[in-house]
Amino acid sequence: MNVQVVTITQTSHTSSLDKHLNDKKVFEIICEFSKVDIDSLSISQAFTWLSDLQEQFKKIT
């Protein structure tokens, strides 16, 4: 049986956690996006919605 011990530093753990949280946020945004009935949005609603969507993605990056 081969066993390998891997040391996890605080930096790598935090980075991994941040990536997971970002992936979850992206998934949530995509789910929200897929539920929008774009045919029912007015032009101003669509603009507002896209602006909000952009802000959500900016928070992730």
Side-chain angles (χ1 to χ4, degrees):
M1 178 170 152
N2 292 331
V3 176
Q4 182 178 7
V5 177
V6 178
T7 305
I8 298 178
T9 63
Q10 181 64 31
T11 305
S12 65
H13 176 70
T14 302
S15 175
S16 208
L17 179 60
D18 288 345
K19 182 179 179 341
H20 174 73
L21 291 174
N22 286 342
D23 289 345
K24 183 178 178 185
K25 288 175 186 175
V26 170
F27 179 75
E28 289 170 355
I29 293 170
I30 291 170
C31 287
E32 179 184 327
F33 179 80
S34 66
K35 293 176 185 177
V36 173
D37 179 10
I38 60 172
D39 294 326
S40 70
L41 296 176
S42 69
I43 292 172
S44 64
Q45 287 173 319
F47 181 80
T48 300
W49 185 79
L50 285 172
S51 181
D52 292 344
L53 186 63
Q54 183 182 46
E55 288 303 313
Q56 290 179 46
F57 277 115
K58 282 181 180 179
K59 289 178 185 176
I60 294 172
T61 58

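All residue numbers refer to positions in the sequence shown, counting from 1.
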**Request:** Could you list the residues that satisfy ring pair (Phe, Tyr, Trp, His ring centres under 6.0 Å) with Phe47, not counting sequence neighbours?
**Result:**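 Checked Phe47 against ring pair (Phe, Tyr, Trp, His ring centres under 6.0 Å); zero matches.
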
**Request:** Sorted by first residue and then second, give each salt bridge (Lys or Arg N to Asp or Glu O under 4.0 Å) pair with at least one member in residues 29-55; sequence neighbours left out.
**Result:**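 Those involving residues 29-55 are Glu55-Lys58.
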
**Request:** Answer with yes or no whether the hydrophobic clustering places Leu53 together with Ile43; edges join I, L, V, M, F, W, Y residues whose side-chain heavy atoms lie under 4.5 Å apart.
**Result:**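 Leu53 and Ile43: separate clusters.
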
**Request:** Kindly work out whether a path of hydrophobic side-chain contacts (I/L/V/M/F/W/Y, heavy atoms less than 4.5 Å apart) joins Phe27 to Ile60.
**Result:**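 No; tracing contacts between hydrophobic side chains, which count when under 4.5 Å, never links both residues.
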
**Request:** With sequence neighbours excluded, tell me which residues meet side-chain hydrogen bond (donor to acceptor under 3.5 Å, both in side chains) with Ser42.
**Result:**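 Residues passing side-chain hydrogen bond (donor to acceptor under 3.5 Å, both in side chains) with Ser42: Ser44, Gln45.
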
